[in-house]
Student: 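Would you mind keeping the following structure in view while I ask a few things?
Values below: all heavy atoms of this structure, side chains included; hydrogens, waters and symmetry mates excluded. In each ligand, atom 1 is the first atom listed, and ligand 1 is the first ligand listed.
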Amino acid sequence: MKIYKKKIIMIKPDDFHVHLRDGKILKKIANYTGKYYNKVIVMPNLKNPINTIKKALKYKKKIVNSSKKNKFIPLMTFYITENSNIKELEIGFLKKIFFSAKLYFKNSTNLSQYGISNLSKINKILEKMEELKIPLMIHGEIYSKNIDIFSREIFFIKNVLPKIRKNFPNLKIVLEHISTKNSAKYVLNNPPNIAATVTPHHLLYNRNDIFSNGINPHLYCLPILNKRNHQKYLIKTVTSGNKYFFLGSDSAPHLISKKENFCGSPGIFNAPTSLIIYLKIFEKMKKLKNFESFCSINGSKFYNLPLNKEKIIFKKKNWIVKNNIKINKNKKISIFLGKQTLSWKITKKK
Ligand code: DOR
Ligand code: ZN
């Protein structure tokens with residue numbers, strides 16, 4: 001990595017957690033991810049969840065066809081349900097169709113209705129994953145009417161994760177989009193089989209921002225933005241360069257009509273701005289020297305993937321982010337930090 005006053009050159013980053021959706025939305029957004037990222041873990045929570053080889057292959061083909069301008073390597077995930085076909089995952093993994101599997105607890109987030117209510121129902125699949133070294137990606141929140149929304153991740157870390165780890169100590173686990181100090185501390189205290197991804201929005205904002213000058217549905221994501229002390233702890237941990245923390249943007253597009261709705265959807269579309277936001281955070285913390293590890297090294301090392309050969313160049317230059325992306329005549333997706341000025345820009349020129 002080379003850091004100059006107005007220029008940075010480093011290995012092209014990877015995004016280890018992205019929602020690309022399907023259909024028209026996929027076609028309109030995929031190239032944004034390819035512009036900034038090389039290896040990309042694609043989430044399986046489509047309306048028809050990705051839980052067979054056939055579905056994964058078909059989806060992967062659509063992704064490749066939608067990102068011809070800015071190519072990237074899609075890594076497919078298997079959606080775990082209580083009735084998962086273990087053979088599909090096993091064969092799919094051995095044939096390199098599936099890279100990992102994703103665990104959602106029932107009703108914890110968008111399209112998690114096929115997720116898990118009873119952990120013991122997935123013992124067999126976790127056993128197989130441990131044996132074959134298939135990484136388990138977890139949305140670590142337990143949904144229940146009795147658990148406060150700001151404590152769902154903490155409940156999972158305290159009461160559920162230790163059980164999984166006790167039963168499957170060699171299982172490789174990634175806690176996705178962590179939002180609390182509790183999760184970060186768990187990862188720090190439990191090497192080497194567990195790591196975490198952190199999103200730009202959980203680093204940039206806290207729950208007060210959702211309610212500043214009115215309610216902002218475009219800051220609604222899950223896990224929900226938490227208290228300022230959690231945000232601060234995440235910033236400190238991520239920028240420290242610790243190798244168990246890496247980039248996963250959780251870019252999650254929803255139509256504006258679904259966000260600004262009587263019952264709005266969780267998710268923030270940040271693909272066009274995520275990398276620059278992370279950069280801004282590392283710069284502010286005077287930790288630029290750790291930026292490349294977080295974006296382009298730690299994740300690949302944890303997942304035993306090769307580092308990217310391609311480089312990326314940032315130049316200090318103000319630019320105004322587009323406000324939204326048109327899907328068709330009256331459907332749009334709002335871009336995270338749309339209309340705002342960012343002070344670094346990716347360039348192809350040296
Ligand atoms: O904010 C989120 N959006 N969190 C998730 O876990 C899912 C995602 C989505 O699919 O929109
Ligand atoms: Zn996600």
Side-chain angles (χ1 to χ4, degrees), residues 14-23 25-26 29-30 32-33 37 40-51 59 63 74-80 99-116 135-143 149-150 152-153 156 173-180 183 195-207 209-210 216-226 246-261 263-271 273-274 277 299 325 327 333-336:
D14 300 304
D15 189 343
F16 287 118
H17 184 129
V18 177
H19 300 265
L20 293 174
R21 312 299 190 216
D22 203 351
I25 295 186
L26 167 65
I29 63 151
Y32 287 96
T33 288
Y37 301 106
V40 173
I41 300 188
V42 182
M43 286 302 116
N45 63 332
L46 299 189
K47 283 185 188 129
N48 183 357
I50 304 298
N51 56 3
Y59 188 33
I63 293 168
L75 301 168
M76 309 307 288
T77 47
F78 176 94
Y79 191 123
I80 300 175
F99 174 74
S100 57
K102 177 82 187 270
L103 170 54
Y104 291 101
F105 293 95
K106 198 175 175 70
N107 298 334
S108 60
T109 187
N110 184 40
L111 295 167
S112 64
Q113 63 268 40
Y114 317 103
I116 305 308
L136 175 67
M137 306 174 73
I138 307 183
H139 182 117
E141 285 192 284
I142 304 298
Y143 174 80
I149 184 165
F150 296 101
R152 286 178 194 159
E153 185 175 291
F156 164 76
I173 294 176
V174 180
L175 302 181
E176 297 301 322
H177 41 57
I178 59 167
S179 63
T180 59
S183 298
T197 57
V198 188
T199 76
H201 36 283
H202 289 99
L203 293 172
L204 193 64
Y205 289 131
N206 62 65
R207 68 190 197 183
D209 296 297
I210 307 174
N216 182 351
H218 294 284
L219 290 185
Y220 174 49
C221 61
L222 289 172
I224 195 149
L225 300 175
N226 217 306
F246 50 85
L247 194 158
S249 70
D250 200 16
S251 182
H254 290 276
L255 295 177
I256 292 182
S257 56
K258 294 267 168 67
K259 296 289 295 171
E260 298 172 4
N261 191 293
C263 187
S265 303
I268 293 177
F269 175 59
N270 62 28
T273 49
S274 54
I277 299 169
I325 289 170
I327 301 302
I333 287 169
S334 172
I335 299 175
F336 188 47

Student: Below 4.0 angstrom from a heavy atom of Ala252, which ligand 1 atoms are there? Numbered from 1 as shown, please.
Tutor: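 Near Ala252, meaning under 4.0 Å from one of its heavy atoms, ligand 1 has 3 (N), 8 (C), 9 (C), 11 (O).
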
Student: Could you check whether the rings of Phe105 and Phe156 sit parallel, tilted or perpendicular, using 30° and 60° as the cut-offs?
Tutor: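 Plane angle between 30° and 60°, so tilted.
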
Student: Taking atom 8 (C) of ligand 1 as the point of reference, which of His201, His19, His177 owns the nearest heavy atom?
Tutor: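 It is His19 that holds the nearest heavy atom.
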
Student: Is Leu222 near ligand 1, meaning one of its heavy atoms is under 4.0 Å from it?
Tutor: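 Leu222: in contact with ligand 1 (<4.0 Å).
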
Student: Any idea how Tyr32 and Phe269 line up, ring-wise: parallel (<30°), tilted (30 to 60°), or perpendicular (>60°)?
Tutor: perpendicular

Student: Can you say whether the rings of Tyr104 and His139 are parallel (under 30°), tilted (30 to 60°) or perpendicular (over 60°)?
Tutor: tilted

Student: I need the minimum non-hydrogen distance between Tyr114 and Leu46, along with the two atoms involved.
Tutor: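 Where Tyr114 meets Leu46 most closely, the heavy atoms are CE1-O, 4.4 Å.
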
Student: Please say whether Pro266 places an N or O atom under 3.5 Å from an N or O atom belonging to ligand 1.
Tutor: yes

Student: When you look at Tyr143 and Lys106, which way does the side chain to side chain contact (heavy atoms under 4.5 Å, CB included) test go after all the steps?
Tutor: CA-CA 7 Å; Tyr143 174 80; Lys106 198 175 175 70; over 6 Å; no

Student: Below 4.0 Å, non-hydrogen atoms only: which portion of Arg21 touches ligand 1? Side chain, backbone, both or neither.
Tutor: side chain

Student: How long is the gap from CG on Leu247 to CG on Asp15, to the nearest 0.5 Å?
Tutor: 5.5 Å

Student: Number the atoms of ligand 1 from 1 as they appear, then name those within less than 4.0 Å of a heavy atom of Asn110, with their elements.
Tutor: 9 (C), 10 (O), 11 (O)

Student: So which heavy atom on Phe150 is nearest to which on Asn226, and how close?
Tutor: O-ND2, 3.0 Å

Student: How many angstroms lie between atom NE2 of His202 and atom OG1 of Thr180, to the nearest 0.5 angstrom?
Tutor: 9.5 Å

Student: Are a donor atom and an acceptor atom from the side chains of Ser112 and Thr109 found within less than 3.5 Å of each other?
Tutor: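 Side chains of Ser112 and Thr109: no pair found under 3.5 Å.
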
Student: Backbone or side chain, does any N or O of Thr109 fall under 3.5 Å from an N or O of ligand 1?
Tutor: yes

Student: Can you name the N, O or S atom of Asp250 that is closest to the Zn ion (ligand 2)?
Tutor: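 The closest N, O or S atom of Asp250 to the Zn ion (ligand 2) is OD1.
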
Student: Show which atoms of ligand 1 fall inside a sub-4.0 Å distance from at least one heavy-atom site of Asp250.
Tutor: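 Contacts of ligand 1 toward Asp250, numbered from 1: 2 (C), 4 (N).
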
Student: So that I can check it, does any N, O or S atom in His19 come closer than 2.8 Å to the Zn ion (ligand 2)?
Tutor: yes

Student: For ligand 1, is there an atom lying under 4.0 Å from some heavy atom of His254?
Tutor: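 In this structure, His254 qualifies as a contact of ligand 1 - some heavy atom is under 4.0 Å.
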
Student: Of all N/O/S atoms in His17, which lies nearest to the Zn ion (ligand 2)?
Tutor: NE2

Student: Taking only heavy atoms of Cys221, which atoms of ligand 1 are found under 4.0 Å from at least one of them?
Tutor: 1 (O)

Student: About how many Å separate OG1 of Thr197 and CD1 of Ile41, when rounded to the nearest 0.5 Å?
Tutor: 9.0 Å

Student: Classify the contact between Asn45 and ligand 1 as side chain, backbone, both or neither, using a heavy-atom distance cut-off of under 4.0 Å.
Tutor: side chain

Student: Counting only heavy atoms, which portion of Met43 has something under 4.0 Å from ligand 1: side chain, backbone, both, or neither?
Tutor: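 It is neither; nothing of Met43 touches ligand 1.
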
